[in-house]
There are 2 protein chains.
Amino acid sequence: MNRRNTPTKEAVLNLLMNSRKALSQDAIERQLDIEINRATIYRVLNRFCEDGIVHKIVAEDGKQYFAICKKCENPQEVIQHHFHFRCLSCDTIECLQVPVECSVPNGYEVQNANCVLTGTCNDCS
Amino acid sequence: MNRRNTPTKEAVLNLLMNSRKALSQDAIERQLDIEINRATIYRVLNRFCEDGIVHKIVAEDGKQYFAICKKCENPQEVIQHHFHFRCLSCDTIECLQVPVECSVPNGYEVQNANCVLTGTCNDCS
DNA sequence: TATTTTATTGCGAATATGTTGCAATAATAC
DNA sequence: GTATTATTGCAACATATTCGCAATAAAATA
């Protein structure tokens, strides 16, 4: 299944790359200049996830948020699981440069992590 | 708004107390002997959350799961934010006795944490 | 005990998020 | 330029959660 370049993919990717935040489907739809169908946005985002370009966070509100994968100060570094911060005041989600280090009990095997802290961010405090 | 004791509340609370896992609304509905309306279960659970008897976890599947608050070896100890583990094999969520310790950047204030690790639990590995 | 107050419940409908099938479109390979 | 098939838009679907409202039933009161 070869990928094709389309205006849609490009627009979504640009938006994510220029955003300091993780974005939900509806935020993306709102912020885009061009009009893109809801289902298409989800499909584009899920494809980005499959390709490892983007990662998905599920917040306390049960919604999916998407963020570009390499945004740390050290872009070469392989992205590992990190904490996310959701500001209740400005209602945004961002990646923290804090890796999730958690010792699980014996016999447990961690494949993925979805960690979101909620509160007030620096801009809003 | 005073609380009243009802068979419904009691049944849900007993179920949660006897369960080693965090339960979703539909799991609760399935496991209950008596029949309770969906909306009612949600309302009971949300009231428990308000009262601090139960805490809510939102998993990667976007669903809400509920667990009794004091289940650690040290029941007197005030419950702090802890990790949860979701086993993809047996599809259950449980509280880990691992506190979430995360140093957030200056100016950030953490009010809540929703941390779920996914993978294979001890029973299934 | 009988009556009143109002928290709780059940029902149906509404809302929201995310996915899927299908036909039409368009990017890429030839 | 033509063929192949990934991508898109649309509508419909699935599921989770909430809400309004009338009926019920705990708890308080007389």
Side-chain angles (χ1 to χ4, degrees), chain A residues 1-16 22-67 86 91-93 112 114 116 118, chain B residues 1-16 21-67 86 91-93 114 116 118:
Chain A
M1 177 94 87
N2 292 324
R3 295 281 130 97
R4 292 178 182 176
N5 288 326
T6 67
T8 294
K9 280 177 68 172
E10 208 177 324
V12 174
L13 191 57
N14 278 335
L15 187 58
L16 285 173
L23 300 176
S24 61
Q25 173 274 322
D26 63 294
I28 291 172
E29 187 169 339
R30 259 184 286 112
Q31 291 180 37
L32 278 178
D33 303 324
I34 59 178
E35 193 148 322
I36 306 182
N37 183 269
R38 192 158 43 106
T40 303
I41 295 180
Y42 277 113
R43 278 188 283 224
V44 166
L45 289 169
N46 287 329
R47 260 177 262 143
F48 285 160
C49 283
E50 284 171 34
D51 296 347
I53 305 171
V54 155
H55 64 284
K56 183 198 288 189
I57 310 112
V58 178
E60 278 179 322
D61 59 4
K63 285 172 63 177
Q64 303 178 347
Y65 292 80
F66 299 85
R86 174 159 183 241
D91 193 35
T92 62
I93 295 185
N112 200 8
N114 188 79
V116 184
T118 329
Chain B
M1 174 96 86
N2 292 324
R3 295 281 130 97
R4 292 178 182 175
N5 288 326
T6 66
T8 294
K9 279 177 68 170
E10 208 177 324
V12 174
L13 192 56
N14 277 336
L15 187 58
L16 285 173
K21 308 288 184 176
L23 300 177
S24 61
Q25 174 275 321
D26 63 295
I28 291 172
E29 188 170 339
R30 260 184 286 113
Q31 292 181 38
L32 278 178
D33 303 325
I34 58 178
E35 193 148 323
I36 306 181
N37 184 269
R38 196 156 36 110
T40 303
I41 294 179
Y42 277 112
R43 280 187 284 225
V44 166
L45 290 169
N46 287 328
R47 261 178 261 143
F48 284 161
C49 283
E50 285 172 33
D51 297 348
I53 306 171
V54 155
H55 64 284
K56 183 198 288 190
I57 309 112
V58 177
E60 278 179 322
D61 58 4
K63 283 173 64 178
Q64 304 178 348
Y65 293 80
F66 300 85
R86 174 158 183 242
D91 193 35
T92 63
I93 295 186
N114 189 77
V116 184
T118 328

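Source: prediction; values computed, not measured. Protein chains get the first letters and strands the later ones, always in sequence-line order, with residue 1 at the start of each.
Axis deviation across the helix from C/dT1-D/dA30 to C/dC30-D/dG1 amounts to 30°, comparing end segments of five pairs, rounded to 10 degrees.
Taking B/R43 as the reference, nothing meets the side-chain hydrogen bond (donor to acceptor under 3.5 Å, both in side chains) condition, with sequence neighbours excluded. By the side-chain hydrogen bond (donor to acceptor under 3.5 Å, both in side chains) test, B/T92 pairs with B/K21, sequence neighbours left out. Remark: B/D51 engages B/R3 in a side-chain hydrogen bond (donor to acceptor under 3.5 Å, both in side chains) (not counting sequence neighbours). Looking at residues two or more places apart in sequence or on another chain, you find a side chain to side chain contact (heavy atoms under 4.5 Å, CB included) between A/A27 and A/L23, A/S24, A/R30, A/Q31.
Once rounded to the nearest 0.5 Å, the distance linking CG of A/L45 with OG1 of A/T40 reads 10.5 Å. Rounding to the nearest 0.5 angstrom, the gap separating the CD1 atom in A/I36 from the OG1 atom in A/T6 is 7.5 Å. Residue B/F66 holds its CZ atom at 13.5 Å from CG of B/L13, rounded to the nearest 0.5 Å.
What separates CD1 of B/I41 from P of D/dT17 is a distance of 12 Å, to the nearest Å. What separates CD of B/E50 from P of C/dA7 is a distance of 13 Å, to the nearest Å. Distance B/Q64 CD to D/dT15 P: 17 Å, rounded to the nearest Å. Taking atom CD of B/E60 as the reference point, atom C1' of D/dA16 lies 17 Å away to the nearest angstrom. We find that CG of B/D61 is positioned 16 Å from P of C/dT17, with the value rounded to whole Å. Regarding B/L23, its CG atom lies at a distance of 13 Å from the P atom of D/dT17, rounded to whole Å.
Using a 4.5 Å cut-off on side-chain heavy atoms (C-beta onward), A/T8 and A/N37 make no contact. Residues B/K56 and B/N46 have side chains in contact (heavy-atom distance under 4.5 Å, counting atoms from C-beta outward).
Among the heavy atoms of the strands lying under 4.0 Å from A/N46 are primed sugar atoms or P, OP1, OP2 only; no base atom is included.
Distances from the side chain of B/A39 to the nucleotides C/dT17, C/dT19, D/dC19 place D/dC19 closest. Considering only side-chain atoms of B/R38, the nucleotide from C/dA13, C/dT20, C/dT9 that sits closest is C/dA13.
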Run the side-chain donor-acceptor check on residues 57-64 of chain A: report pairs under 3.5 Å with partners two or more places apart or on a different chain.
| unit_1 | atom_1 | unit_2 | atom_2 | d |
| --- | --- | --- | --- | --- |
| A/E60 | OE1 | A/T118 | OG1 | 3.1 |
| A/E60 | OE2 | B/N112 | ND2 | 2.8 |
| A/D61 | OD1 | A/K63 | N | 2.9 |
| A/D61 | OD2 | A/Y65 | OH | 2.7 |
| A/K63 | NZ | A/D26 | OD1 | 3.1 |

Counting primed atoms, P, OP1 and OP2 as sugar-phosphate and everything else as base, the B/S/- map of nucleotides 2-7 of chain D against protein heavy atoms under 4.0 Å is --BBBS

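Annotation: salt bridge (Lys or Arg N to Asp or Glu O under 4.0 Å) contacts involving residues 4-16 of chain A, sequence neighbours excluded, are absent.
Of the two residues contacting DNA chain D, namely B/N37 and B/P7, the nearest-nucleotide position lying further toward the 5' end is that of B/N37. Closest-nucleotide positions on DNA chain C for B/I36 and A/Y42 were compared, and the one nearer the 5' end corresponds to B/I36.
Smallest separation of non-hydrogen atoms from A/I34 and A/P7: CD1-O, 4.3 Å.
Within residues 24-31 of chain B, no residue is approached by DNA chain C to less than 4.0 Å at the level of any non-hydrogen atom.
Side chain B/R43 to base C/dG10: a donor-acceptor pair is found below 3.5 Å.
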